[in-house]
Amino acid sequence: MKVSYVTAALAAIAVGGVVWVAQAAPADDVKARQAVMKELGSNVGAITKMLKGEAPYDAAVAQKSADAIAAAAKKAPDAFKPNTGDAGPTEAKATIWSNWQGFAEKAAALDTEASKLADVAKKGDQAALAEQMKALGGTCGACHREFREKKS
Amino acid sequence: MTRFAFLLIFVALGLAAAPVRADDQVARGEYLFRAGGCLGCHTAPGGAALAGGRALVTPMGTFYGPNITSDPEHGIGRWTDEEFVRALHRGVGRGGEQLYPVFPYPSFTKITDADAKAIKAYIFTLPPSSQPSKPHDVPFPFNIRLLLIGWKWLNFSPGVFKPDEAKTPEWNRGAYLVEALAHCGECHTPRNLMGGIERSRALSGTAKGPDMKPAPNITPDPETGIGKWNQNDLAYFLESGIDPDGDVTGSVMDEVIQNTTSKLTSDDRRAIAAYVLSLPPVVHKVGRK
């Protein structure tokens, strides 16, 4: 019992600490939200590699990656909260904060398709996974088109 | 007897083909229309299909894709097949006026006559719109259409695509799609000071691409282009927008993929990829890369 109080307290401090650090250092916020995006990217990459036949299809890897995408998708809108600004090198457009409603809708679409992806991955049907990957990719592209200015 | 059999076959084929032919042409036209990306430039965001009004920002000013629906007054309803083919092949309007190369006729000149006519047949099955075309917002001296004669003389080489017999059918199909219809080069190829395409540096990227934003080098140079991509990677990207790193493209390329390349057959996407990756690699750094 006592142990779990201690754990909870430690966890609270840890979480509080993270939140505090995040608010104090906008540059880290930029990195944090980019980390969420990179997490999406690397897992999308892992699945598409198998769909393209570059790597043997492995249902367990597909499942793990799809779960990671679904988890990262849940973090997407909050990672861009208004106080996270645009300090540091960023590809985020200012319209994210002037049109937060529109941005949140794109993030919600990502969340919906990412959860479906995790469900589809559980069934182990490769063709269905390929279809759902395209639906997911559509939500990434729709948000990038409106709210990201690629500096390439 | 044999002659009679031949005759029968002939009649059977003729009967079967005659009613189907028009539909066939329309279906083929629809496919080619998508490959040519006509919809995007000729449709305002949220507006009626092909009714015009889409702004195209260039160093010479802002152009607006005109109404090309079959409306006789405000669209191209009165155009003959020949006039339509001439516009695509020569960049000349119905009244003989010179057309601006924002309309990618430097690529469309390579479309075969039959394909161009099929595109028109398809367009004429779509609902007409009586929305007047929006005048271009182009300052002097670029607003003088006659100057385009000089521009064409220096920058435009008309001529239908000629297959290279030494190459595979897949390569030739890819070359036709890329150079004639999908006009990848209109965005990805650098331009000279007059806005002419620099053929020698085809697809090597430009800092001032569509809407004055960069378009990357897509020649197979491993450092500054897409030399690390294979045919699967590029074909999959053209289908989904997802690149080999799992990043997803946005901007106008997303539109190209949604409207054009994702609508092609997978064989055609593979053909495009085979052709693009067979081009000579050009070292040309655009932006960050």
Side-chain angles (χ1 to χ4, degrees), chain A residues 34-55 61-62 65-66 68-69 72-73 76 89-93 95-96 103 106 109-110 113-114 117 127 129-152, chain B residues 40 45 187-188 204-218 223-226 228-264 266 269-270 273 284-289:
Chain A
Q34 288 169 347
V36 171
M37 286 296 150
K38 284 190 174 124
E39 172 82 0
L40 287 172
S42 63
N43 286 290
V44 164
I47 295 180
T48 52
K49 229 190 189 111
M50 298 191 291
L51 295 177
K52 286 186 284 191
E54 310 276 299
V61 174
S65 306
I69 291 168
T90 176
E91 297 179 342
K93 279 195 191 173
T95 49
I96 292 174
F103 183 80
K106 302 279 189 237
L110 167 71
E113 298 302 335
L117 185 81
L129 187 68
E131 271 314 302
Q132 185 53 30
M133 231 15 236
K134 275 188 257 166
L136 178 82
T139 68
C140 316
C143 185
H144 288 172
R145 184 159 158 199
E146 201 168 331
F147 295 109
R148 177 184 179 192
E149 174 101 60
K150 222 173 155 184
K151 307 271 193 295
S152 62
Chain B
C187 293
H188 286 283
S204 68
T206 168
K208 281 197 188 143
D211 293 334
M212 308 295 283
K213 304 229 174 81
N217 180 348
I218 58 165
E223 296 311 320
T224 63
I226 58 168
K228 291 184 179 124
W229 298 32
N230 63 29
Q231 190 186 7
N232 284 339
D233 291 333
L234 184 48
Y236 188 72
F237 175 79
L238 295 172
E239 180 181 5
S240 66
I242 302 174
D243 76 14
D245 299 329
D247 198 347
V248 182
T249 189
S251 83
V252 291
M253 192 60 209
D254 179 53
E255 193 180 322
V256 171
I257 292 168
Q258 300 289 335
N259 290 343
T260 306
T261 56
S262 71
K263 302 278 193 331
L264 301 178
S266 64
R269 277 189 295 270
R270 295 190 62 77
H284 182 216
K285 207 162 125 81
V286 178
R288 212 181 30 179
K289 261 199 182 165

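Each chain gets a letter, A, B and so on, in the order its sequence line appears, and its residues count up from 1.
Among A:S42, A:A142, A:G141, the residue with the largest count of heavy-atom pairs under 4.5 Å with chain B is A:G141. The candidate with the highest count of non-hydrogen atom pairs below 4.5 Å against chain A, out of B:K213, B:E255, B:Q258, is B:E255. Chain A forms the most heavy-atom pairs under 4.5 Å with one residue out of B:D243, B:I257, B:V248, and that residue is B:V248.
The number of heavy-atom neighbours closer than 6.0 Å to NZ of B:K208, taken from other residues, nucleotides and ligands shown, is 12 or below.
Residue B:N230 touches chain A through its side chain alone, counting heavy-atom pairs closer than 4.5 Å. Contact annotation for B:D245: only backbone heavy atoms (N, CA, C, O) come within less than 4.5 Å of a heavy atom of chain A. Heavy atoms closer than 4.5 Å to chain B are found nowhere in A:M37, neither backbone nor side chain. Heavy-atom distances place both the backbone and the side chain of A:K52 under 4.5 Å from chain B. Heavy atoms of A:E149 lying under 4.5 Å from chain B belong exclusively to its side chain. The contact between A:L51 and chain B is made entirely by side chain atoms (from C-beta outward), counting heavy-atom distances below 4.5 Å.
Looking at every heavy atom in both residues, B:D254 comes nearest to A:R145 through OD2-CD, 3.3 Å. Smallest separation of non-hydrogen atoms from A:K134 and B:S240: CG-CB, 4.2 Å.
Within the model, atoms OG of B:S251 and CZ of A:R148 stand 10.0 Å from one another, a figure rounded to the nearest 0.5 Å. Rounded to the nearest 0.5 angstrom, A:K150 NZ and B:D247 CG are separated by 5.0 Å.
Side-chain atoms of A:E54 and B:Y236, non-hydrogen and from C-beta on, never get closer than 4.5 Å to each other.
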